[in-house]
Amino acid sequence: MLYIGVDLGTSAVKLLLMEGSGEIKKIVSKEYPLYFPHPGWSEQKPEDWFTQTMEGLKELLAECDKSQVAGISFGGQMHGLVVLDENDEVIRPAILWNDGRTTEECDYLNNVIGKDKLSEYTANISFTGFTAPKILWMKNKEPENFARIKKIMLPKDYIAYKLTGVHCTDVSDASGMLVFDVKNRCWSKEMLDICGISEEQMAKIYESYESVGCVLPEIAAELGIPETTKVAAGAGDNAAAAVGTGTVGDGQCNISLGTSGTVFISSEKFGVDKYNALHAFAHADGHYHLMGCMLSAASCNKWWMDEIIGTTDYAAEQKQIEKLGDNHVYFLPYLMGERSPHNDPNARATFIGMTMDTTRADMTQAVLEGVAFALRDSLEVARSLGIPIERTKICGGGAKSPLWKKIIANVLNIKVDVLANEEGPSMGGAMLAAVACGEYANVEEAAAKIVKVVDTVEPEAELAAKYEERYQKFKQIYPACKPIFGLIQ
């Protein structure tokens, strides 16, 4: 049988067709616009997501035996606010995960409601990217639109609704809304009350690998697939990527180098970092995970290459880098503010340490290293909780760079396992669909049989020692710059 994974990203939807054995048959990508109506704001039109998803599905299935399509599931950008009216029409463009407009609402939640209460209700505190402060922003700034809300959804769940007619979400994606009781895997009545919304306005909650229903007859007809094709709830992009990399069960780690960057640690038990520097979320495997998330990761390199240097030949730029561990330039990768571990929407990207002999290669190297140092910030929080992490999987666009993987292995001083495929969320979505259809008994079995490690990048003692010294200096730059960031907004 065939299974489809839909990765609804920030810049494009990526669709993957997988056989039950795990073999990838085809991958298709379709882009859509991103809108910045005000500085710090970030929006997309849900209608664009669905249009491009349908176009992508048609291209994906063009040359296969469509009668063999058994299931569809998702990985998707998290936290985005999608609001529907009584006719299930989109009320306003979706406010995305990297939108920074909710500073006032976050201050209210963290300082008036209180971080202790938020952590008690949801296992997390408020960040500007989360969904609850966006709901409060609508309530405060767009009361007419807020009054029209019949359903509140997340980005990938809007696609699931359009395919099935079911208002659904899954536990991993819901965990990032700040209205979900992560420990008990249900909506938090206290948080719903704080946001001024009701449980009836929320989608029905499923485990990531559960079927929410079958495709609508009209969707089946348009795509030429069976009406019995199941749609599984899917997962937030990082949880889906973790499934796709086999980061399931207890004590596994995955680093994602996508638009954002994450350190993802799976756990069979529920646990919360007492400083809330890491997110405590439900996992797509039926258990839990801790996650550190930086808002700009591979997007830092894309910005540097595309907008500043003006090249698309990333590999050629990286070939100029020869002196790992000896660079005198540092880069803070906070182009969109920062989440883990600083929770500072005012943080900004910064180069420091340039001299007259600084080269273009030094600057490029500093960008790659800065992202690695920021990932280590989250890893250090996990280590402080007594979680021993000696190796990690890696996925995302940045993971295609051998140099970047080497830098990460040595900055974090852990082994980096390279997988046969690095498709992340789309692969995880297809695997969740296979579990929903009974191809595998559970997510762990699917991961054990499908995910293959083909190489391991090991840290080198001398280089890791150099990066240890440089990381200790990197850690001092943000605290020194923080007072200035507040002045330049």
Side-chain angles (χ1 to χ4, degrees), residues 2-18 24 27-30 32 44 46 48-57 60-61 69-80 82 94 96-97 131 153-177 203-216 219 223 225 229-245 256 258-259 281-285 395 423-437 439 443 446:
L2 296 171
Y3 303 97
I4 298 170
V6 180
D7 174 16
L8 190 76
T10 311
S11 57
V13 60
K14 185 166 122 183
L15 305 104
L16 178 148
L17 187 65
M18 182 190 85
I24 298 172
I27 295 173
V28 169
S29 184
K30 296 288 183 182
Y32 31 68
Q44 282 177 328
D48 291 343
W49 299 333
F50 180 62
T51 297
Q52 294 303 92
T53 297
M54 288 298 288
E55 289 302 309
L57 285 169
L60 188 76
L61 299 170
V69 175
I72 304 171
S73 193
F74 314 91
Q77 51 167 299
M78 297 178 69
H79 315 303
V82 180
L96 302 190
W97 61 274
T131 318
M153 305 190 76
L154 293 163
K156 76 172 191 337
D157 302 329
Y158 176 75
I159 306 301
Y161 160 72
K162 293 291 284 184
L163 294 178
T164 64
V166 178
H167 299 103
C168 58
T169 192
D170 83 285
V171 293
S172 72
D173 216 356
S175 295
M177 295 182 75
K204 184 178 177 182
I205 300 164
Y206 293 83
E207 291 293 336
S208 301
Y209 49 81
E210 287 184 322
S211 170
V212 306
C214 295
V215 292
L216 293 165
I219 296 291
L223 297 177
I225 61 177
T229 302
K230 290 184 178 180
V231 176
D237 51 7
N238 291 298
V243 172
T245 60
S256 177
T259 302
F281 288 169
H283 192 6
D285 63 359
C395 69
E423 302 306 331
S426 56
M427 188 69 180
M431 290 165 64
L432 291 170
V435 174
C437 293
E439 184 88 35
V443 177

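Distance check: Leu154 CG to Thr131 OG1 gives 5.0 Å after rounding to the nearest 0.5 Å. Atom CZ of Phe74 and atom CG of Asp7 lie 11.5 Å apart (nearest 0.5 Å). In this structure, Leu223 CG and Thr229 OG1 are separated by 8.5 Å, a value rounded to the nearest 0.5 Å. Atom CG of Leu96 sits about 11.0 Å away from atom NE2 of His79, to the nearest 0.5 Å. To the nearest 0.5 angstrom, Asn238 atom CG is 8.0 Å from Cys395 atom SG. Distance OG1/Thr53 to CD1/Ile159: 4.0 Å, rounded to 0.5 Å.
Taking the six-membered ring for Trp and thresholds of 30 and 60 degrees, Phe50 and Tyr158 have ring planes more than 60 degrees apart, a perpendicular arrangement.
Of all non-hydrogen atoms in Ser208 and Asp170, the two that sit nearest each other are OG-OD2, 2.8 Å. Here the shortest heavy-atom pairing between Cys437 and Ala70 reads SG-O, 3.3 Å. Across Ala284 and Leu432, no two heavy atoms sit closer than the pair O-CD2, 4.2 Å. Between Met78 and Gly236, the shortest heavy-atom contact is CG-CA, 3.7 Å. Residues Gly80 and Pro155 approach most closely at O-CD, 3.4 Å, considering heavy atoms. Nearest heavy-atom pair across Ala240 and Gly75 is CB-CA, 3.6 Å.
Remark: the backbone N or O of Phe281 is not paired with any side-chain donor or acceptor of Ser175 at under 3.5 angstrom. For the pair Glu210 (side chain) and Ala233 (backbone), a donor-acceptor distance under 3.5 Å is absent. For Ser211 (side chain) and Ala436 (main-chain N/O), no donor-acceptor pair under 3.5 Å exists by modelled atom type.
In this structure, Lys14 and Ile27 have side chains that are in contact, with non-hydrogen atoms separated by less than 4.5 Å. Residues Leu16 and Met427 form a side-chain contact, since some pair of their non-hydrogen atoms from C-beta on lies under 4.5 Å apart. Taking the side chain as every heavy atom from C-beta outward, Val171 and Glu207 approach each other to under 4.5 Å. Looking only at side-chain heavy atoms (C-beta outward), Lys162 and Met54 stay at 4.5 Å or farther from each other. At least one side-chain heavy atom of Tyr32 sits under 4.5 Å from a side-chain heavy atom of Leu8. In this structure, the side chains of Val82 and Asp157 stay at 4.5 Å or more apart for every pair of heavy atoms. With contacts defined as side-chain heavy-atom distances shorter than 4.5 Å, the pair Val166/Lys204 does not qualify.
A side-chain donor-acceptor contact under 3.5 Å links Tyr3 and Glu439.
Taking a cutoff of 4.0 Å between a charged side-chain nitrogen and a carboxylate oxygen, Lys156 and Asp237 do not qualify as a salt bridge.
Exactly one of Val28, Ile219, Leu15 qualifies for a side-chain contact (heavy atoms from CB on, under 4.5 Å) with Leu57. That residue is Leu15.
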